[in-house]
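For reference, the structure is listed below as structure tokens.
Because the structure is a prediction, the values reported are computed rather than measured.
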Amino acid sequence: MQIGCTEMHPIILGVIIIELIMLGAQGACYLSNPLKTDCVWHLFFLALLLTLNIVNGFLPNPILNIPLYQQYFIRNGIGIITVSYFPIQFFKKLQILNRQFQEKTAISYLLILSYPIIFFITYNTINDLEKANQYTIFVPLLNNLIIMIPIGKTIWNIYRRNIERKGSPEEILAFIMLVAWLFVYLAIHQNWGKPIETIFINLGPATFNIFILYNYIKTMRYEQEHLQTLNSYAPTKEIITLNCSCYMLSERETEVAILLCHRLKRQQIADRLFISVRTVDKHIERIFLKTGVSCRENLLEKINSIL
């Protein structure tokens, strides 16, 4: 079934719509808390995945005024960046990969760079783009296996040794996401069609991002409930000012901290002090760093009591 003149399968179109909704939800999360840099990482991932699905939905297409081999290069290039390169960066962000692991997986970068050459040689040998795509898919598959094996061992060792940093559901879900991606190569090699490829590519990431959004909403609710319990603690300017000096906060940072404790929003603080919201964010970041807290309610507890 085709949709109008777009020649895009309904399943692919549905996945793109769902990812646009997720991208909007993650964007709203970031705008509500710009200091949470993890949201930026998820936004980048969703944008990359969305680009892959849009390109995969339209290419290859003989009607376009682009040579078919270039269309394959564009589609497969974006796919390899998403499926092969991104997991390394993602797990680095989760901080479960050490420098030694990164050195061991340096060969994966060489595999990514060698793929266009292998594809071009195979295509010129058999003169069939579809078969060349099916035969050379082993290159990104090998790349993913090189990445996944040490990642799986690392997560397993974290659980087995029961060390301080236990594996979190985020790490487990992300690893399952990589395992699900292995079936993409089988789907491409067996020519199961774009809809099946799209399902295998997006099932893991969709589950992971739903989990991230659920955790964010859960955290926001907890913070709101906790803030309500702190309403009984009336901010005392004298005590806050004294504690701010103990934590070596500047005069402007102290002003921002007092307004934070009075539960003013970032825009309200900016308007009150005649500065930009971006400047407010920088002050908040330094305040949190100096006082050793990560959220507003912890700051209120810490600097609104006598040390």
Side-chain angles (χ1 to χ4, degrees), residues 22-47 89-99 164-166 168 170 209 211-307:
M22 286 187 173
L23 190 63
Q26 287 286 3
C29 292
Y30 173 69
L31 291 175
S32 65
N33 189 2
L35 296 178
K36 192 173 177 60
T37 55
D38 288 345
C39 289
V40 179
W41 200 249
H42 297 315
L43 279 172
F44 171 75
F45 182 31
L46 281 172
Q89 303 301 315
F90 184 81
F91 277 91
K92 280 169 65 178
K93 187 64 178 178
L94 290 178
Q95 297 178 348
I96 67 170
L97 303 181
N98 54 30
R99 187 178 184 85
E164 293 181 0
R165 189 180 183 278
K166 296 181 180 179
S168 69
E170 289 184 11
N209 280 283
F211 177 80
I212 294 296
L213 286 172
Y214 169 77
N215 272 353
Y216 178 78
I217 294 172
K218 187 177 178 181
T219 302
M220 287 291 293
R221 286 181 177 177
Y222 169 77
E223 289 181 355
Q224 289 176 359
E225 292 173 358
H226 197 52
L227 274 174
Q228 290 177 358
T229 61
L230 294 173
N231 284 337
S232 56
Y233 298 101
T236 306
K237 183 177 180 179
E238 292 75 14
I239 295 177
I240 294 175
T241 303
L242 178 63
N243 289 334
C244 286
S245 64
C246 293
Y247 286 110
M248 307 294 291
L249 267 63
S250 67
E251 182 178 352
R252 179 63 83 183
E253 290 168 356
T254 300
E255 292 175 341
V256 173
I258 292 172
L259 296 176
L260 281 174
C261 291
H262 280 83
R263 287 172 277 280
L264 268 68
K265 295 181 179 179
R266 294 163 38 250
Q267 185 62 59
Q268 293 173 323
I269 296 174
D271 295 340
R272 182 75 64 88
L273 299 178
F274 302 101
I275 57 178
S276 67
V277 175
R278 184 177 181 137
T279 303
V280 172
D281 289 337
K282 290 181 180 179
H283 285 313
I284 294 174
E285 187 176 5
R286 286 194 291 267
I287 291 168
F288 284 1
L289 181 64
K290 290 180 180 180
T291 56
V293 300
S294 58
C295 59
R296 186 189 297 241
E297 61 266 24
N298 290 344
L299 178 69
L300 178 56
E301 286 182 325
K302 197 161 193 176
I303 66 174
N304 193 43
S305 56
I306 300 176
L307 297 177

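- Checked by atom type and distance alone, the side chain of Lys302 never pairs as donor or acceptor with a backbone atom of Val293 at under 3.5 Å.
- Note: Leu289 CG to Arg286 CZ = 10.0 Å, rounded to the nearest 0.5 Å.
- His283 has its side chain within reach of Ile275: a pair of non-hydrogen atoms, C-beta onward, lies under 4.5 Å apart.
- Separating the CZ atom in Phe274 from the OG1 atom in Thr279 is a distance of 14.5 Å, to the nearest 0.5 Å.
- Open room surrounds CZ on Arg278; 12 or fewer heavy atoms of other groups in view lie less than 6.0 Å from it.
- Between the CD1 atom in Ile240 and the CD atom in Glu255 there is a gap of 13.0 Å [rounded to 0.5 Å].
- Atom CG of Leu260 and atom CZ of Phe288 lie 6.0 Å apart (nearest 0.5 Å).
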Worked verdict on Gln267 versus Val280 for side chain to side chain contact (heavy atoms under 4.5 Å, CB included):
CA-CA 8 Å; Gln267 185 62 59; Val280 172; over 6 Å; no
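- Atom-to-atom distance recorded for Thr254:OG1 and Ile287:CD1 is 7.5 Å, nearest 0.5 angstrom.
- One distance of note links CD1 of Ile284 with CG of Leu259; it measures 10.0 Å at 0.5 Å rounding.
- With Glu253 contributing its side chain and Ser250 its backbone, the two residues share a donor-acceptor pair below 3.5 Å.
- Put simply, the side chain of Ile258 reaches to within 4.5 Å of the side chain of His262, judged on heavy atoms.
- Taking every heavy atom of both residues into account, Ile303 and Cys261 meet most closely at CD1-SG, 3.6 Å.
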